[in-house]
Amino acid sequence: MQCQNPCSANSIYPNLIHESLDPESKKNLAAYFCEGCFKDNECINSSNVEQFLAISRQLHHEKLQQECENFLRSNSMCRRLSIEPRSNKEASRYQLMFTGHREDRSSGPLDLHLYDCRKNFQKTCRIPELSGVRSGCAVCCLQEHGNDAPHMYISGGGKGSGDVYHCDIVMNKRKKCSKRLVKGRSQHCMTCVQNKLYVLGGKCSKGEAIRSVEEFIPRRHSWKMAGNLEIAIHSATAIKHNNQIYVFGGILDNGKETNLVQLYDPTRKTCKLLASLPFPTTGGQAVVRNGKIFVTCGSGRLVSYDPESNRHVICTQMPVCCTNFAMFVEKEGVFFAGGKSQNDNNALKTVYVYSPENCTWHVSDKELCAPLSVFGTCSVEIPADYGLVPFFS
């Protein structure tokens, strides 16, 4: 599997992908289109599955796409990746995942799943204090450095709520904040820059996309307006890099998905447009690894974006097309945990790891203890000296 260039012909034209196949694979693919099935299980193999998958997606051939994804899911092509335990002196990093189908939820405690990639620990708990949180909320950890005490915040949701919830992880206290967002919103972005929180865009109670940005300073314990995005969007993806916030894609006020990249500067409270991604990005996720931003763009697409050059590279396809997963970074690569399969709408328990160095996917030997559909997630680092487990200490 190879990384693709932004203008790779293989990412656009099925006939060119077909020409890269060996004669036997061409013959088997032709027979599949005629007969509707492969004659035996060996027709899909590690040398042709990537081309078959690309062709199926370009032709919108759902059955062939599912066959390829099933092969990738179970085949040794995605080799097991053993996650070595870390030393006791190393900080613990937990991925906090809010789980379940929240769209039709009216009330009740949240389910929170803790996944520690470093010390082989998982556990699920319920948090009654957060029972008012609704779908469409944003989750963020206020923790500029790993030795800072982590504080988790949850904002907005529902039909443009202005509610904000605070979780003091060290003191193990949770509460609904008295200070609300200036403008209620849902399906917005929230991130931390220099120990301040920022919420960007979203959808108001009337269903309209929002441009405004708000800033939260913990010592003042209040929200204030902090400028605007260039384009009003909701369901976008945001990530901090070099103390600036990159906002990828989203849905415009006319309901159309966009591939725009917006750069918000928290110091100047200004925003500008950058070069667009190759695909629209809606409800995706983004992480930073070795100076590159990895962005999910839907339909199993992963893009590596270089903030320095403002250019992108299309990475190899994800083994399974899914939504509602957790995405985070460890030394082994970019992790994708759980999710909801787009083919059968079932929750997943597999943890995939993408290695940017050689553009390959692996299956972690430490899968989730149960299939999870994740609707909100953030990373929390606990210094070794603290000796605590979030929400259980």
Side-chain angles (χ1 to χ4, degrees), residues 136-142 144 153 155-157 160 162 164 180-218 220 222-288 291-297 303-312 378:
C137 66
V139 182
C140 180
C141 182
L142 184 64
E144 188 69 18
Y153 286 84
S155 65
V164 179
R180 307 175 82 239
L181 297 174
V182 177
K183 188 176 184 64
R185 61 189 76 203
S186 66
Q187 299 177 33
H188 54 291
C189 303
M190 182 165 66
T191 190
C192 167
V193 180
Q194 295 184 323
N195 283 316
K196 299 177 184 177
L197 286 177
Y198 293 89
V199 295
L200 308 97
K203 183 188 293 187
C204 68
S205 58
K206 296 181 180 179
E208 299 171 347
I210 298 172
R211 287 182 61 205
S212 65
V213 178
E214 295 185 36
E215 178 187 70
F216 176 79
I217 303 176
R220 295 179 182 173
S222 63
W223 293 88
K224 67 176 183 178
M225 288 296 183
N228 294 288
L229 296 173
E230 278 291 307
I231 306 294
I233 43 85
H234 65 83
S235 306
T237 301
I239 190 76
K240 177 194 76 171
H241 179 67
N242 286 341
N243 292 326
Q244 296 191 314
I245 301 174
Y246 291 79
V247 182
F248 298 96
I251 299 178
L252 302 171
D253 210 21
N254 59 10
K256 293 184 179 179
E257 296 181 340
T258 180
N259 59 352
L260 292 172
V261 180
Q262 304 186 62
L263 178 63
Y264 174 77
D265 186 335
T267 302
R268 296 182 174 88
K269 306 294 188 291
T270 58
C271 184
K272 64 180 179 180
L273 292 176
L274 303 177
S276 300
L277 291 180
F279 313 109
T281 303
T282 305
Q285 294 191 52
V287 295
V288 176
K292 301 292 194 301
I293 301 176
F294 291 86
V295 188
T296 57
C297 298
V303 173
S304 172
Y305 177 84
D306 184 352
E308 296 300 322
S309 63
N310 197 25
R311 301 186 66 180
H312 65 264
C378 69

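Computed from a predicted model, the values in this text were never measured in an experiment.
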request  = Output the distance between atom CD1 (Ile210) and atom OG (Ser186), rounded to the nearest 0.5 Å.
outcome  = 7.5 Å
query = Which atom names give the shortest non-hydrogen contact between Ala236 and Val247, and what distance separates them?
reply = CB-CG1, 3.8 Å
key: Check: Thr258 and Pro280 side chains under 4.5 Å, non-hydrogen atoms   = no
ask   = Glu230 and Cys271: which non-hydrogen atoms are nearest, and at how many Å?
value = OE2-O, 3.3 Å
inquiry  = Taking side-chain hydrogen bond (donor to acceptor under 3.5 Å, both in side chains) as the definition, give me every residue that meets it alongside Asp306, ordered by chain and number, with sequence neighbours left out.
reply    = Ser309
ask   = With respect to Phe248, which candidate in Thr282, Ile293, Leu260 satisfies the side chain to side chain contact (heavy atoms under 4.5 Å, CB included) definition?
value = Ile293
note = Here the salt bridge (Lys or Arg N to Asp or Glu O under 4.0 Å) pairs for residues 235-264, sequence neighbours left out, are Glu144-Lys240
remark   = One should read off an interatomic distance between Lys292 NZ and Glu308 CD, to the nearest 0.5 angstrom, of 8.5 Å
query = Pairs in or reaching into residues 258-269: which pass salt bridge (Lys or Arg N to Asp or Glu O under 4.0 Å), with residues at least two apart or in two chains?
reply = Glu215-Lys269, Asp265-Arg268
ask   = Got a donor-acceptor contact below 3.5 angstrom from the Ser235 side chain to the Gln187 backbone?
value = no
ask   = Do Gln262 side-chain atoms and Ile231 backbone N/O form a donor-acceptor pair below 3.5 Å?
value = yes
task = Would you please test Leu252 and Ile233 for side chain to side chain contact (heavy atoms under 4.5 Å, CB included) and show each step?
result = CA-CA 5 Å; Leu252 302 171; Ile233 43 85; 3.7 Å; yes
message = Measuring only between side-chain heavy atoms, which start at C-beta, is Pro307 closer than 4.5 Å to Asn242?
response = no
key: side-chain hydrogen bond (donor to acceptor under 3.5 Å, both in side chains) involving Ser304 - partner list, sequence neighbours excluded   = none
message = Just so I know, are the side chains of Phe216 and Val164 near enough to count as touching, which here means a heavy-atom distance under 4.5 Å?
response = no
ask   = Minimum heavy-atom separation for Ser212 to Lys183, with atom names?
value = OG-CD, 4.1 Å
request  = Kindly give the heavy-atom pair with the smallest separation between Ala209 and His234, and that separation in Å.
outcome  = CB-CD2, 4.2 Å
inquiry  = Tyr305: which residues meet the side-chain hydrogen bond (donor to acceptor under 3.5 Å, both in side chains) condition with it, sequence neighbours left out?
reply    = Asn310
remark   = Interatomic distance, CD@Glu208 vs CZ@Arg185, rounded to 0.5 Å, equals 13.0 Å
query = Looking only at heavy atoms, which two atoms of His188 and Gly157 are closest? And how far apart?
reply = CE1-N, 4.1 Å
Rounded distance [0.5 Å steps], OG1 in Thr237 versus CG in Leu200 = 12.0 Å
Exercise: identify the closest heavy-atom pair between Cys297 and Leu277 = SG-CD1, 4.1 Å
message = Counting C-beta onward and ignoring hydrogens, is there a side-chain heavy-atom pair between Val199 and Trp223 closer than 4.5 Å?
response = yes
ask   = In Å and rounded to the nearest 0.5 Å, what is the OG1 to NE2 distance from Thr191 to His241?
value = 12.5 Å
task = With sequence neighbours excluded, tell me which residues meet salt bridge (charged side-chain N to carboxylate O under 4.0 Å, His left out) with Arg220.
result = none
ask   = Atom CG in Asn195, atom CD1 in Ile217: separation rounded to 0.5 Å?
value = 11.0 Å
request  = Answer yes or no: is there a donor N or O on one side and an acceptor on the other, between the side chain of Glu214 and the main chain of Leu181, under 3.5 Å?
outcome  = no
request  = Would you indicate whether the side-chain heavy atoms of Asn243 and Thr267 approach each other to under 4.5 Å?
outcome  = no
